[in-house]
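First up is the structure itself, then whatever we jot down about it.
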There are 2 protein chains.
Amino acid sequence: MTNQRDIARLAKTSLKTVSRVINRDPLVNEATRQRIQKIIDETGYVPNEAARMMRSQRSNIVGFLSEDVATTSSSIDLVRGAQDVAHAFGRQMMLFNIQRGDTSETEALAQLARFRAEACILATSFHREVTLPRTDMMTVLLNCYDAGGTVATVLPDDRQLGHDLTTEILRRGYRRPLFLNLAPELAGARLRAEGFLAAGQAMGLDLAGRIRTASAGPDRDYTYFVDQILAEALQDAARPDVLICGQDLMALPVYFALARMGIEVGRDIAVTSFDNLYPLAQLMQPGLTSMDLPYYQMGRVAMQQALSENDSPIRQLVQGQLAERASLPERVTA
Amino acid sequence: MTNQRDIARLAKTSLKTVSRVINRDPLVNEATRQRIQKIIDETGYVPNEAARMMRSQRSNIVGFLSEDVATTSSSIDLVRGAQDVAHAFGRQMMLFNIQRGDTSETEALAQLARFRAEACILATSFHREVTLPRTDMMTVLLNCYDAGGTVATVLPDDRQLGHDLTTEILRRGYRRPLFLNLAPELAGARLRAEGFLAAGQAMGLDLAGRIRTASAGPDRDYTYFVDQILAEALQDAARPDVLICGQDLMALPVYFALARMGIEVGRDIAVTSFDNLYPLAQLMQPGLTSMDLPYYQMGRVAMQQALSENDSPIRQLVQGQLAERASLPERVTA
DNA sequence: TTCTCTAATGACAACGTGAGACAATTGTTA
DNA sequence: TAACAATTGTCTCACGTTGTCATTAGAGAA
């Protein structure tokens with residue numbers, strides 16, 4: 001493989017001058033610079049990163065561990081945001097797919113340690129608590145937080161998500177929401193419930209009895225919600241006029257269940273959700289109104305935090321906003 | 001950062017002996033080995049990969065460029081398969097998300113060049129042709145192929161997919177399939193059409209007029225298919241008894257459109273598709289019968305190829321199989 | 001011419017690891 | 001006691017790059 005010595009030999013100059021050209025040292029004569037650059041381009045020489053790392057004692061590497069990257073398409077935007085910032089700061093990002101209860105996380109961290117990575121972002125697919133293996137890398141948690149609260153964290157403001165969605169629902173004239181919330185083990189679910197209740201109170205409504213919950217993860221189908229809770233709720237006298245699903249994936253079987261019962265979404269009942277999952281939310285009919293999070297921005301923020309010198313454990317909350325579609329029309333109050 | 005010299009000092013031994021322990025040289029006394037290993041564990045020392053790479057002149061790095069990783073959950077299995085093989089062979093995988101018509105691919109390849117990666121896998125989200133920038137890395141294409149056919153390639157056997165799905169449909173008693181195929185610019189779509197026709201012929205059926213097609217990508221909704229083609233076809237005298245969708249994402253609006261028309265999937269009409277997209281296919285009601293590809297296995301095969309010494313451009317086809325759900329019941333022939 | 005100053009270039013060392021050559025030390029067996 | 005094997009240590013080099021410092025070339029001034 002070509003190295004700077006080869007370039008120097010071809011350019012009939014010294015190793016150091018080649019190095020200067022590569023590192024854009026202004027102390028190089030323009031003619032020399034061009035001559036050497038020409039040779040570099042012709043040979044396709046690329047500096048050896050390993051040597052650079054060793055000599056400079058800086059890896060310029062930031063790890064990004066993404067849990068179940070592909071289960072939600074939003075995670076791609078987290079990655080993109082982080083990648084763009086890393087690149088802007090001249091760092092190289094090492095991306096890893098990890099799975100829970102797997103060796104993949106350990107192996108990823110081991111690889112990052114071997115490469116002397118300077119920082120590491122850990123992104124989970126659900127807002128929840130994690131326990132971190134001890135490491136001396138600057139660490140940023142994305143969509144999760146550690147028990148001690150000693151690690152920098154970027155989190156969706158799930159309380160705000162629940163609050164704003166509920167407020168909008170009430171503003172549109174709905175009065176009997178039913179919140180099919182995710183499992184309370186998920187921090188996000190608890191916070192959304194808080195926001196839901198607070199938004200009700202602000203409008204003088206007590207929504208305490210309007211939350212249902214069940215253990216449910218991405219791997220589980222939503223039969224319990226759909227067959228038990230939903231079926232029961234719809235027979236109630238105070239039948240809900242709007243369903244708030246814990247996530248878009250849950251809204252899908254809900255749509256089908258409603259259709260089976262002859263209840264038309266958007267006319268007989270409204271449905272909303274969280275995630276704004278691409279492309280599901282817009283492929284559903286009617287389009288699913290869902291709370292959207294600025295994932296790209298979250299990725300950027302996380303990487304900026306990872307690269308910052310500030311190692312005090314900051315917790316940043318990110319606000320979401322409603323992606324409006326036809327499943328939540330303005331209600332003509334009867 | 002700790003290095004071998006530090007370990008040697010702490011263990012009151014020589015640099016060489018530490019090196020021997022780390023590189024599993026059998027010429028080390030077991031007691032000594034354990035003593036040094038203990039220090040290594042306590043300090044959390046990990047060999048410096050940059051130094052190792054430089055000294056050994058081997059990066060042990062394989063790049064994996066995944067196009068739009070998260071748009072299909074299947075890509076995660078490609079990554080896992082490749083990762084597992086890489087790890088088993090003592091290589092470290094560098095994963096990149098790339099996007100089409102972006103600098104991300106160039107940047108990823110540049111980073112791999114700087115790290116002197118030994119091989120590179122390029123995975124696309126659709127089976128199609130790609131043009132490669134020249135590179136001296138061993139390259140394997142996954143789900144795509146180059147124009148010259150000079151690069152090792154792992155491809156789904158889309159012809160087989162189309163053929164086997166159609167055969168199964170016919171075996172179950174359906175006789176008027178309508179194939180809502182993807183855009184013919186996609187190699188996979190053309191091959192599936194071939195398989196579809198061949199399967200018909202094998203059963204003595206001419207299915208030539210039973211294919212519809214339209215430019216459609218993942219970013220596009222399927223309104224044309226649904227509102228035009230489907231609506232028209234269902235009014236036809238020879239109304240289809242089974243719909244074959246180009247991909248699961250298309251099947252979703254198809255379900256909704258059929259429901260709107262009062263046609264029940266699984267009873268009045270069958271629906272099948274390609275991708276077996278998790279978790280969509282099982283969340284749809286009735287569950288979507290779809291051709292599944294062994295993505296994990298494909299990832300493994302691609303990585304094995306990437307690590308093989310054999311640099312003759314092999315093209316490997318991977319067979320898929322039907323994931324059966326309720327949307328394609330056995331037909332009671334009238 | 002000779003000296004001074006600056007711009008440009010070069011020589012050399014060092015980063016951490018791994019490997020070879022070989023010496024030194026210990027314990028074991030003849 | 002000598003010969004031997006097993007174990008450990010010393011020393012050296014090399015990988016490709018870049019920081020430190022030294023050297024050279026060229027221009028202008030005395």
Side-chain angles (χ1 to χ4, degrees), chain A residues 1-37 39-40 43-61 90 92 110-118 136, chain B residues 1-40 43-61 90 92 110-118:
Chain A
M1 187 53 94
T2 326
N3 58 23
Q4 290 186 10
R5 187 170 292 111
D6 298 331
I7 304 291
R9 195 166 354 92
L10 290 169
K12 300 197 203 318
T13 179
S14 77
L15 195 53
K16 183 60 197 181
T17 304
V18 174
S19 171
R20 287 199 178 92
V21 169
I22 287 164
N23 293 292
R24 293 182 172 58
D25 190 321
L27 287 177
V28 180
N29 182 284
E30 178 58 20
T32 315
R33 200 196 62 74
Q34 283 185 14
R35 181 166 51 92
I36 294 177
Q37 187 61 53
I39 306 225
I40 291 175
T43 54
Y45 166 76
V46 178
N48 184 318
E49 188 64 21
R52 206 226 82 238
M53 281 167 64
M54 230 216 306
R55 170 65 234 212
S56 68
Q57 294 292 88
R58 292 212 49 189
S59 69
N60 279 350
I61 290 176
Q92 23 213 355
Q111 181 169 325
L112 287 174
R114 285 200 300 274
F115 278 99
R116 304 292 188 257
E118 292 162 7
D136 47 0
Chain B
M1 189 49 98
T2 326
N3 58 25
Q4 289 186 14
R5 188 170 295 112
D6 298 331
I7 303 293
R9 195 166 355 94
L10 289 169
K12 300 196 203 316
T13 179
S14 73
L15 192 55
K16 181 67 187 179
T17 305
V18 173
S19 172
R20 286 197 180 98
V21 169
I22 286 165
N23 294 290
R24 295 184 168 58
D25 189 323
L27 287 177
V28 181
N29 182 284
E30 179 59 17
T32 314
R33 199 195 63 72
Q34 282 184 15
R35 180 166 53 92
I36 295 178
Q37 187 62 52
K38 185 149 170 286
I39 308 249
I40 290 176
T43 55
Y45 167 77
V46 179
N48 185 318
E49 188 64 20
R52 206 228 82 237
M53 280 166 66
M54 233 213 307
R55 167 66 229 200
S56 67
Q57 294 292 88
R58 291 213 50 190
S59 70
N60 278 350
I61 290 175
Q92 25 212 355
Q111 181 169 329
L112 288 174
R114 285 199 302 275
F115 277 98
R116 303 292 187 261
E118 292 164 6

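Order of the sequence lines sets the chain letters (A, B, ...), proteins ahead of strands, with each chain counted from 1.
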Check whether the side chain of [X] and the base of [N] form a donor-acceptor pair under 3.5 Å.
| X | N | answer |
| --- | --- | --- |
| A:Arg55 | D:dT17 | no |
| A:Arg116 | C:dG16 | no |
| B:Lys16 | C:dG18 | no |

Which residue, A:Asn29 or A:Leu15, contacts DNA chain C at a nucleotide closer to its 5' end, judged by nearest heavy atom? A:Asn29
In this structure, how many angstroms lie between the [atom2] atom of [N] and the [atom1] atom of [X], rounded?
| X | N | atom1 | atom2 | result |
| --- | --- | --- | --- | --- |
| A:Arg114 | C:dG16 | CZ | P | 18 Å |
| B:Phe115 | D:dG16 | CZ | P | 16 Å |
| A:Met1 | D:dT17 | CE | P | 11 Å |
| A:Met53 | C:dG16 | CE | P | 12 Å |
| A:Arg58 | D:dT18 | CZ | P | 14 Å |
| B:Asp25 | C:dA21 | CG | C1' | 14 Å |
| A:Arg9 | D:dT17 | CZ | P | 13 Å |
| A:Asn60 | D:dT17 | CG | C1' | 14 Å |

Answer yes or no: does a side-chain N or O of [X] lie under 4.0 Å from OP1 or OP2 of [N]?
| X | N | value |
| --- | --- | --- |
| A:Thr32 | C:dT9 | yes |
| B:Ser56 | C:dG18 | no |
| A:Asn3 | D:dG16 | yes |

Take A:Val46 and B:Arg116 through the test side chain to side chain contact (heavy atoms under 4.5 Å, CB included) and record every step on the way to the result. CA-CA 9 Å; A:Val46 178; B:Arg116 303 292 187 261; 4.0 Å; yes
Taking every non-hydrogen atom, the tightest pair across B:Gly90 and B:Asn60: O-ND2, 3.7 Å
For B:Arg20 and for A:Asn23, locate the closest nucleotide of DNA chain D by heavy-atom distance; then report the residue assigned to the nucleotide nearer the 5' terminus. B:Arg20
Between A:Met54 and B:Thr13, whichever has its closest DNA chain D nucleotide further toward 5' is B:Thr13
After noting the C-alpha distance and the side-chain angles of B:Leu27 and B:Asp25, does the key distance pass the side chain to side chain contact (heavy atoms under 4.5 Å, CB included) rule? CA-CA 5 Å; B:Leu27 287 177; B:Asp25 189 323; 3.3 Å; yes
For side chain to side chain contact (heavy atoms under 4.5 Å, CB included), just list the numbers for B:Met53 and A:Met53, CA-CA rounded to whole Å, side-chain angles, deciding distance to a tenth of an Å, and then say yes or no. CA-CA 11 Å; B:Met53 280 166 66; A:Met53 281 167 64; over 6 Å; no
Base, sugar-phosphate, or nothing: which does B:Gln57 touch, judged by heavy atoms less than 4.0 Å apart? sugar-phosphate
If you look at every strand shown and take non-hydrogen atoms under 4.0 Å, does A:Thr17 touch a base, only sugar-phosphate, or nothing? sugar-phosphate
For B:Tyr45, which of B:Asp6, B:Ile39, B:Ile22 qualifies under side chain to side chain contact (heavy atoms under 4.5 Å, CB included)? B:Ile22
